[in-house]
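So you know, we letter chains A, B, ... as the sequences are listed, proteins then strands, and number each from 1.
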Amino acid sequence: MTVITRFAPSPTGFLHIGGARTALFNWLYARHYGGKFLLRIEDTDRARSTSEAVQAIFDGLDWLELGHDGEAVFQSAGAERHAALAHQLLAAGKAYHCWCSPEELSEMREKARAEGRPMRYDRRWRDRDPAEAPPDIAPVIRFKAPTDGETVIEDLVQGPVRVANEQLDDMILLRSDGTPTYMLSVVVDDHDMQVSHAIRGDDHLTNAARQTQLFLALDWQPPQYAHIPLIHGSDGAKLSKRHGALAVGAYAQMGVLAQAMCNYLLRLGWSHGDDEIISREQAIEWFELASIGRSPARFDMDKLISLNGSYIRQAEDGGLISLLQPLLADLLEKAPDEAQLQRLEILLPGLKPRAKNLLEMAENALFLFLQRPLTLDEKSAKLITPESRVMMAELLTELEALEDWSETGLETLVRGFADSHSLKMGKVAQPLRASMTGKTISPSIFDVMISLGREESLGRLSDIAAQTP
RNA sequence: GACCCCUUCGUCUAGAGGUUAGGACACCACUCUUUCAAGGUGGAGACACGGGUUCAAUUCCCGUAGGGGUCGCCA
């Protein structure tokens with residue numbers, strides 16, 4: 001059997017990390033078995049669906065590099081077929097008209113709640129004579145669900161889950177305006193798209209029982225279900241706006257790499273022994289539903305960021321530079337030129353281990369792009385004293401005579417300079433760093449000077465040394 | 001409230017009857033060192049509780065407690 005999975009978000013909000021993980025798991029499962037990964041936009045609630053949200057879903061999946069097979073399916077496009085099936089069920093006696101108004105239903109629920117009874121539809125129109133229908137109300141079509149026995153879902157993550165059929169109510173298939181509900185549409189679409197495995201959040205677990213009954217009523221085979229636990233906020237509560245940035249795009253903007261995001265999401269609820277850093281290829285090879293945990297996981301920003309740092313360190317220079325360019329252009333308010341980019345490329349190995357996200361990295365690299373003379377920040381300005389100016393002036397003279405502008409050349413010279421003045425390296429390196437970067441923190445000062453190049457380095461140093469009072 | 005699911009360090013997790021209960025993040029020390037990181041070494045830190053089953057339970061079963069989810073003409 002060919003494995004066909006699908007990601008079926010509703011475009012009523014942005015793609016959040018829970019949805020992203022669901023997409024990732026479906027994608028990995030399909031890839032692992034050489035199957036297909038389909039995308040279906042569940043827009044049957046046309047009032048709440050927006051094209052911005054649809055775009056956000058596409059963008060999010062794009063960023064995570066979770067491409068789908070074939071064209072994305074818009075659920076609303078199948079409305080006619082969905083409605084036809086509802087009428088077919090009606091004709092077969094497996095569904096019925098219900099003339100309850102929304103007001104009547106909420107009254108019913110209120111009363112049930114007050115009396116401590118289950119808040120389900122009481123099936124009042126199931127066996128009632130349609131002749132009694134009120135003339136002013138357009139009816140809905142409800143599913144005539146079995147009232148006894150039980151429905152068992154052989155869930156690939158949760159194991160067998162048994163639900164007594166009396167717990168399930170007669171769900172609405174077709175609204176009073178004739179449009180199909182989600183419950184009907186998923187069943188029809190999963191069947192039509194030949195979905196073999198439905199991997200989704202476990203908030204759908206009870207829906208799986210309802211949907212299974214619908215599949216049976218239609219004489220169809222339900223897909224295999226795998227309900228994965230939800231992701232919670234750091235406080236253990238359901239993930240919500242309170243927890244801050246939730247759309248995957250927000251993480252991208254924070255300078256998180258897509259690979260880090262995927263790796264983090266993968267490890268949230270899934271594991272492969274003690275492995276932590278897992279490449280896309282390994283993930284495809286190792287992924288299986290059996291190793292998904294059954295308990296909900298909390299979102300931990302620290303771990304995401306730590307993972308991000310590790311992916312930044314591993315990242316290829318070229319890719320990093322192209323990700324950094326727009327950020328730098330933003331900070332500089334103009335695009336960096338070739339020569340400046342050259343400096344960035346040279347310093348990249350020194351920059352990588354010092355940044356946890358791309359934004360931080362761009363900020364750390366910013367000094368490379370600044371025009372002389374540099375404005376020193378508060379801390380580094382304090383390092384420039386009358387004494388250190390004199391020292392920098394002397395050092396400048398020695399550096400000007402240096403022929404070997406390399407790490408060893410520079411280090412030998414500066415160390416020798418410090419020794420001959422009976423100074424610790426730090427005493428010399430810090431003012432030097434301030435002169436080169438305008439900051440007290442940077443990659444190795446020698447790497448910085450190499451990246452800046454001889455001319456710029458000497459220029460920056462003379463800017464400081466020349467100010468001797 | 002009813003039904004369903006869950007419970008190993010603070011967090012993510014390994015474990016699938018007998019382990020000094022392992023790893024990662026965070027934390028603390030030390031180390032490296034021109035700053036800051038990164039790296040290296042070490043440390044502290046967990047089987048929710050109560051009953052069973054068993055020679056032996058973190059592991060199997062049943063309760064309790066706690067957490068989560070679902071009960072829409074939303075998806």
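Of the side-chain N and O atoms in A:Thr206, none sit less than 4.0 angstrom from OP1 or OP2 of B:C3. The phosphate of B:A75 (OP1 or OP2) has a side-chain N or O of A:Thr44 nearer than 4.0 angstrom. In this model, the phosphate group of B:A75 is not approached by any side-chain N or O of A:Arg200 to a distance below 4.0 Å at OP1 or OP2. Not one side-chain nitrogen or oxygen of A:Lys303 sits closer than 4.0 Å to the OP1 or OP2 atom of B:U13. Put simply, A:Arg109 has a side-chain N or O that comes within less than 4.0 Å of OP1 or OP2 on B:G72.
Contacts of A:Arg120 with the nucleic acid, taken as non-hydrogen atoms under 4.0 Å apart, involve only primed sugar atoms and P, OP1 or OP2. No contact: A:Lys424 has no heavy atom under 4.0 Å from any strand. Among the atoms of the strands shown, none is found under 4.0 Å from any heavy atom of A:Ile277. Backbone-only contact: A:Leu205 has heavy atoms under 4.0 Å from sugar-phosphate atoms and none from a base. A:Phe446 comes within contact range of at least one nucleobase, with a heavy-atom separation under 4.0 Å. As judged by a 4.0 angstrom heavy-atom cut-off over every strand, A:Arg313 is placed among residues touching the sugar-phosphate backbone only. Using a 4.0 Å heavy-atom criterion, one finds that A:Pro9 contacts no nucleic acid atom at all. Contacts of A:Gly293 with the nucleic acid, taken as non-hydrogen atoms under 4.0 Å apart, are absent. At the heavy-atom level, A:Pro102 lies under 4.0 Å from base atoms of the strands shown. As judged by a 4.0 angstrom heavy-atom cut-off over every strand, A:Cys100 is placed among the base-contacting residues.
Of the candidate nucleotides B:U34, B:C3, B:A75, B:U34 has the atom nearest to the side chain of A:Ser444. With B:C25, B:C4, B:A75 as the candidates, the nucleotide lying closest to the side chain of A:Val161 is B:C4. The nucleotide whose nearest atom lies closest to any side-chain atom of A:His232 is, among B:A26, B:G68, B:C12, B:G68. When the nucleotides B:U35, B:C12, B:A14 are ranked by their closest atom to the side chain of A:Arg354, B:U35 comes out on top. The side chain of A:Met425 has B:U34 as its nearest neighbour among B:A38, B:U34, B:C71. Comparing B:C25, B:U13, B:U35 by their closest approach to the side chain of A:Gln430 singles out B:U35. Looking at the side chain of A:Ser295, the nearest of the listed nucleotides B:G72, B:G39, B:U7 is B:U7. Taking the side chain of A:Gln158 as heavy atoms from C-beta on, and the options B:C6, B:C12, B:U70, the nearest nucleotide is B:C6. Nearest nucleotide to the side chain of A:Asp203, out of B:C6, B:U34, B:U70: B:U70. Which of B:A38, B:C36, B:C3 sits closest to the side chain of A:Ile441 comes down to B:C36.
Side-chain atoms of A:Arg294 stay outside donor-acceptor range of the base of B:C6, with no qualifying N/O pair under 3.5 Å. The base of B:A75 is paired with the side chain of A:Asn207 by a donor and an acceptor separated by under 3.5 Å. One can find a donor-acceptor pair under 3.5 Å joining the base of B:C73 and the side-chain atoms of A:Ser176. Side-chain atoms of A:Asp274 and base atoms of B:G22 include a donor and an acceptor less than 3.5 Å apart. Side-chain to base pairing of A:Thr440 with B:U35: no donor and acceptor N or O lie closer than 3.5 Å to each other.
Of the C1' atoms belonging to B:U58 and B:U20, the separation is 15 Å, rounded to the nearest Å. For the P atoms, the distance linking B:A24 with B:G40 amounts to 9 Å, nearest Å.
Under a 4.0 Å N-O distance rule, the pair A:Asp170/A:Lys144 does not qualify as a salt bridge. Ion pairing between a basic and an acidic side chain is recognised when a charged N comes within 4.0 Å of a carboxylate O; A:Glu107 and A:Lys111 show no such pairing. No salt bridge links A:Asp43 with A:Arg48; every basic N to acidic carboxylate O contact stays at or beyond 4.0 Å. The pair A:Asp202-A:Arg294 does not count as a salt bridge, with every side-chain nitrogen at least 4.0 angstrom from each carboxylate oxygen.
Base pairing analysis places B:C25 opposite B:G10; the two distances defining the Watson-Crick or G-U wobble pair are each below 3.5 Å. The nucleotide B:C30 finds its pairing partner in B:G40, both defining distances of the Watson-Crick or G-U wobble pair being shorter than 3.5 Å. Across the strands present, B:C3 finds its partner in B:G69; the criterion is a Watson-Crick or G-U wobble pair with both atom distances under 3.5 angstrom. The pairing partner recorded for B:G18 is B:C55, the criterion being a Watson-Crick or G-U wobble arrangement whose two distances lie under 3.5 angstrom. For B:G63, the paired base is B:C49 (Watson-Crick or G-U wobble, both distances below 3.5 Å).
Taking atom CG of A:Asp300 as the reference point, atom C1' of B:C27 lies 13 Å away to the nearest angstrom. Rounded to whole angstrom, the span from the CD1 atom of A:Ile231 across to the C1' atom of B:G69 amounts to 15 Å. With rounding to whole Å, A:Asn165 atom CG is found 14 Å from B:C4 atom C1'. The nearest whole Å value for the distance from the CE atom in A:Met171 to the P atom in B:A75 is 13 Å. We find that CZ of A:Arg433 is positioned 12 Å from P of B:A37, with the value rounded to whole Å. Following rounding to the nearest Å, A:Asn364 (CG) and B:U35 (C1') show an atom-to-atom distance of 12 Å.
Between the side chains of A:Glu276 and A:Asn263, no donor-acceptor pair of N or O atoms lies under 3.5 Å. Donor-acceptor pairing under 3.5 Å is lacking for the side chains of A:Tyr182 and A:Asp45. No side-chain donor from either of A:His227 and A:Asp203 sits under 3.5 Å from a side-chain acceptor of the other. Judged purely by distance below 3.5 Å, without hydrogens or angles, the side chains of A:His82 and A:Gln75 never pair a donor atom with an acceptor atom.
For A:Phe287 and A:Trp270, the gap between ring centers is short of 6.0 Å. Taking the six-membered ring for Trp, A:Tyr251 and A:Tyr264 have ring centres at least 6.0 Å apart. Under the 6.0 Å cut-off for aromatic ring centres, A:Tyr96 and A:Phe143 do not qualify, their centroids lying 6.0 Å or more apart.
Residues of residues 135-157 of chain A that place a heavy atom closer than 4.0 Å to RNA chain B, in numerical order, are A:Val140.
Judged by centroid separation below 5.5 Å and plane tilt below 30°, A:His204 stacks onto the base of B:A75.
No more than 12 heavy-atom neighbours from other residues, nucleotides or ligands sit within 6.0 angstrom of NZ on A:Lys427.
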